[in-house]
> 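Here you go, one structure.
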Amino acid sequence: MASVLLKNVYKEFDGGVIAVSDFSLSVEDREFIILVGPSGCGKSTTLRMIAGLEEITQGEIYIDDRLVNDVQPKDRDIAMVFQNYALYPHMTVYDNMAFGLKLRKIPKDDIKRRVTEAARILEIEHLLDRKPKALSGGQRQRVALGRAIVRDPKVFLMDEPLSNLDAKLRVQMRVEITKLHQRLNTTIIYVTHDQTEAMTMGTRIVVMKDGFIQQVDSPSELYLHPVNTFVAGFIGMPPMNFINTTIYDEDGELKVKFGSNVITLPADKYDTEEVRNYIDKEVIMGVRPEAISDTPDDVAASPTTVFDADVDVVEMLGAETYVYMTHEGYSLTARVDPMATVSRVGEPAKFRIDGRRIALFDQETEQAIIT
Amino acid sequence: MDELTKSIRRVGELLINTVGVVDDTGLVIACTDESRLGQKDREAVALIESGDTFRVTGKNTWQRLATRPGLNYYCFIEGSDPVALDYLGLLSEWLGLAVRDWGNESRRDNLLRNVLLQNELPGEIASKARNLGIIYTASRICILVRLEHRDTGGECVEVIGNLFPDRETDYVVSIDDRNIVLIHTLTPDDSGEVNRIAVEIRDNLSTELMTKVSIGIGMPAYNLRDCARSYRESALALEVGGLFSRDRSIVYYEKLGLGRLIYQMSPTLCKIFLDEVFPNDSYEALDRETLNTVEVFFACSLNGSETSRRLFVHRNTLVYRLDKVQKITGLDLRNFDDAVLFKFASMVKRYLERQGGVLGGAPNWLNRP
């Protein structure tokens, strides 16, 4: 168990391509932190720099308060789990887990103790005598995790370990890894491009884009208070609706308009100096799909935030329904209660935005004004 | 040796007695007690000098292994009671087989190494391969794994060998302590398989040994002799890849593109070309920020909007920087022909810098016919 500290870390590849820029992050001891972002954002490079598998161009990396910039990867006391795990096909599960320890000349009794303990934690004790071909995908993944656990490292680094699994198994293993973190009580740095994985597993999430950290926060803070349109759009499924609009003051009330629809911003939240600075300026209005409702009761309850739109598609997913709509060139998505929705494909309908859940972003910098 | 070590490990799991094997100089080459490895055993030396095939000495009982003539190995077991003697009889047969296999494996490794390094007479390869049970005509590909640090203990070879344990289709050959070749037999539906294998090797070495590797992949070879070409290509892929795309850990010979062409140009020709494209060292006048902008502009396929988005700069800033490049070099990078010329010349420049600094020229063996 250990803390990890990255101070102003840069990675520049040949030709001046900067993969990671000014990356500073403090990972607490026993924390489960997730690096998330689209492919090419520098998250795997960052992980490999922590592991020592990639040299850093500039900056400092500390593991447990020890500067490790010049420490060999094998001496950093970390274990990595990759997406492309491969088990040794002719070895049993026991031997697969023990192999790395044998290479390190760990005494046999110690190997047995560590493998047995890891198997118990992963609940694969009954599989120790099996060969990989007799295992399911999930069981193989557990063995791959076991190979890292037996090393008893200070920090686990996981680089998209679930990406090769099918959707159902991925959900299952997500829960398994979260439980594993609780059982091992150790520091895990986990890389994924899947925002759902990030939201469900991490205690904190680092959102990256083009080598830069965009925001470091808890899942709920990221979702409710994104710092810019990238984070707002990346976190959440379906993504946040973005509408280019202008704020204006009408009789002391702040309003935004898109098409012929006018939405009044609730004064108690939005009538602030920051928002008033944007009066008569173009902004981006962000609305989460679940903040849009189509039930008659909701529409009647807040007439100042109601808008009209034509329903294009209604997707019934069981526990929720997605309504895709357009209005004068604006496209929006709503996530509504399937039992209460009144939206019908091809028909116009009235929708209500939960006024307190509107986010406003600067149109030029794309930074949040208020969320 | 791999088989013998594995066999001894297995014995260690089954028996509580210490068991080991010494070679004809008395050196312990495999033992369940790993602290004795590499030590010369006095009892063994005395036994070998006496010419006996069986002896009880002190705590141990010794027996010569049942191998083929010319191979002299001895097995020992702790104890001299009847049960230990029974075990020793069985072990000498079993370990004898392992040593014989190792002998074959060793000769096979030597043959393959010599084939790859073109140290084998072409006319003899087929017959030698047949004697060692290697199919001569088969579609194979060479995957060269270059380690950042020396593999003095042979752990990397062991990891790769265990990932591909089928000795009929995959051969792991250690060229030296930093270069390991996997000769993989291709199957008709192997599309994408080679990349998967390369990624698996890279990730497994990182997982097990925390070792950074670069992997070069040659073109398919259709007989054993042709594997030398595939190996040369994989080595060239690493050399050229190291020059032009050092951020990539897996490099394909077939995807070297312009780099392969430039690699074959003489330094004199490169200098003449650079003087023509960038007269008066105009390239040197470009600052780091501008060069980074150009790199991203190329990466975005000359798309201005995408480039300014990725660089977080206003489009006018991008236009200003591209104008600056045009003013200094005379090349308008928005024009495809000029962009190609700039790209090619900047690669030539990088090649010249590296060749003068790091490389010191291509190794001679890469240029063999």
Side-chain angles (χ1 to χ4, degrees), chain A residues 11-19 21 40 45 48 51-55 71-91 94-96 98-108 112 144 147-148 151 153 157 159 161 164 209-212 364-366, chain B residues 5-6 9 12-13 32 34-35 37 148-149 153-156 158-159 161-166 195-213 242-249 288-296 298-299 309-312 314 346-347 350 354:
Chain A
K11 176 66 189 179
E12 182 178 338
F13 286 122
D14 281 354
V17 176
I18 297 171
S21 284
T45 305
R48 291 176 68 82
L53 295 171
E54 204 73 71
E55 278 176 26
V71 177
Q72 290 298 318
K74 63 183 172 55
D75 299 325
R76 294 192 183 194
D77 201 2
I78 50 179
M80 280 196 87
V81 182
F82 289 94
Q83 169 186 344
N84 299 288
Y85 63 95
L87 303 180
Y88 305 110
H90 63 307
M91 289 187 192
Y94 180 94
D95 288 333
N96 261 284
F99 184 66
L101 300 179
K102 285 180 184 168
L103 288 177
R104 285 179 179 76
K105 311 274 190 282
I106 305 284
K108 206 161 37 173
K112 189 172 182 185
R147 292 204 306 206
R151 291 173 54 184
L157 305 178
D159 192 357
N164 276 355
K209 182 195 170 208
D210 296 332
F212 288 88
E364 198 166 320
T365 65
E366 299 190 346
Chain B
T5 309
K6 276 187 212 159
R9 276 189 193 151
E13 286 163 11
T32 52
E34 293 188 350
S35 65
L37 285 175
E148 195 177 75
H149 299 288
E155 288 97 348
C156 294
E158 204 173 336
V159 168
N162 279 309
L163 274 176
F164 306 98
D166 187 348
N195 190 56
R196 186 189 60 78
I197 288 172
V199 172
E200 272 183 15
I201 291 173
R202 184 195 62 192
D203 287 356
N204 266 54
L205 287 173
S206 298
T207 305
E208 298 286 20
L209 301 166
M210 296 302 290
T211 301
K212 188 180 175 185
V213 299
L243 286 172
F244 298 109
S245 50
R246 283 207 283 197
D247 51 320
R248 274 193 292 164
S249 55
R288 187 187 175 88
E289 187 181 54
T290 309
L291 287 173
N292 184 42
T293 302
V294 171
E295 196 77 32
V296 178
F298 288 160
R309 194 192 63 77
R310 273 184 60 178
L311 288 170
F312 297 103
H314 194 274
S346 59
M347 286 177 76
R350 199 179 307 166
R354 294 269 165 73

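In what follows, every chain begins at residue 1, and chains take the letters A, B, ... in the order their sequences are listed.
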> Given side chains that start at C-beta, do those of Met210(B) and Arg76(A) come closer than 4.5 Å, heavy atoms only?
no

> Please report the interatomic distance NE2(His90(A)) to CG(Leu163(B)), rounded to the nearest 0.5 Å.
9.0 Å

> Here's a test for you: under side-chain contact (heavy atoms from CB on, under 4.5 Å), which of Asp159(A), Leu157(A), Leu53(A) qualifies with Ser206(B)?
Leu53(A)

> Answer yes or no: does atom CD of Glu148(B) have more than 12 heavy-atom neighbours from other residues, nucleotides or ligands under 6.0 Å?
yes

> Under a 3.5 Å distance rule, please check whether Asp203(B) uses its side chain to pair with a backbone N or O of Gln83(A) as donor and acceptor.
no

> Could you check which of Leu87(A), Val81(A), Asp210(A) has the highest count of heavy-atom pairs closer than 4.5 Å to chain B?
Asp210(A)

> Rounded to the nearest 0.5 Å, how far does NZ of Lys112(A) lie from CD of Glu13(B)?
9.5 Å

> Could you have a look at Arg104(A), Arg48(A), Lys105(A) and say which one has the most heavy-atom pairs with chain B under 4.5 angstrom?
Arg104(A)

> Checking heavy atoms, do the side chain of Glu364(A), its backbone, both or neither come under 4.5 Å from chain B?
neither

> Closer than 3.5 angstrom, by distance alone: can the side chain of Lys108(A) be matched with the main-chain N or O of Gly12(B) as a donor-acceptor pair?
yes

> Can you tell me which portion of Glu34(B) sits under 4.5 Å from chain A's heavy atoms? Options are side chain, backbone, both or neither.
side chain

> Under 4.5 Å heavy-atom distance to chain A, tell me which part of Thr211(B) shows up: side chain, backbone, both or neither.
backbone

> For Ile78(A), is it the side chain, the backbone, both or neither that has a heavy atom under 4.5 Å from a heavy atom of chain B?
both

> For residues Leu103(A) and Glu158(B), report the shortest heavy-atom separation together with the two atoms involved.
CD2-OE1, 3.7 Å

> Which bit of Val294(B) is near chain A, if near means a heavy-atom gap under 4.5 Å: side chain, backbone, both or neither?
neither

> Glu208(B) and salt bridge (Lys or Arg N to Asp or Glu O under 4.0 Å): which partner among Lys74(A), Lys102(A), Arg147(A)?
Arg147(A)

> So, using ring pair (Phe, Tyr, Trp, His ring centres under 6.0 Å) as the criterion, who are the partners of Tyr88(A) when residues are at least two apart?
Phe99(A)

> Under 4.5 Å, counting heavy-atom pairs only, tell me which of His149(B), Glu289(B), Arg9(B) racks up the most with chain A.
His149(B)

> Tell me, for Leu209(B) versus chain A, whether the close heavy atoms (under 4.5 Å) come from the side chain, the backbone, both or neither.
both

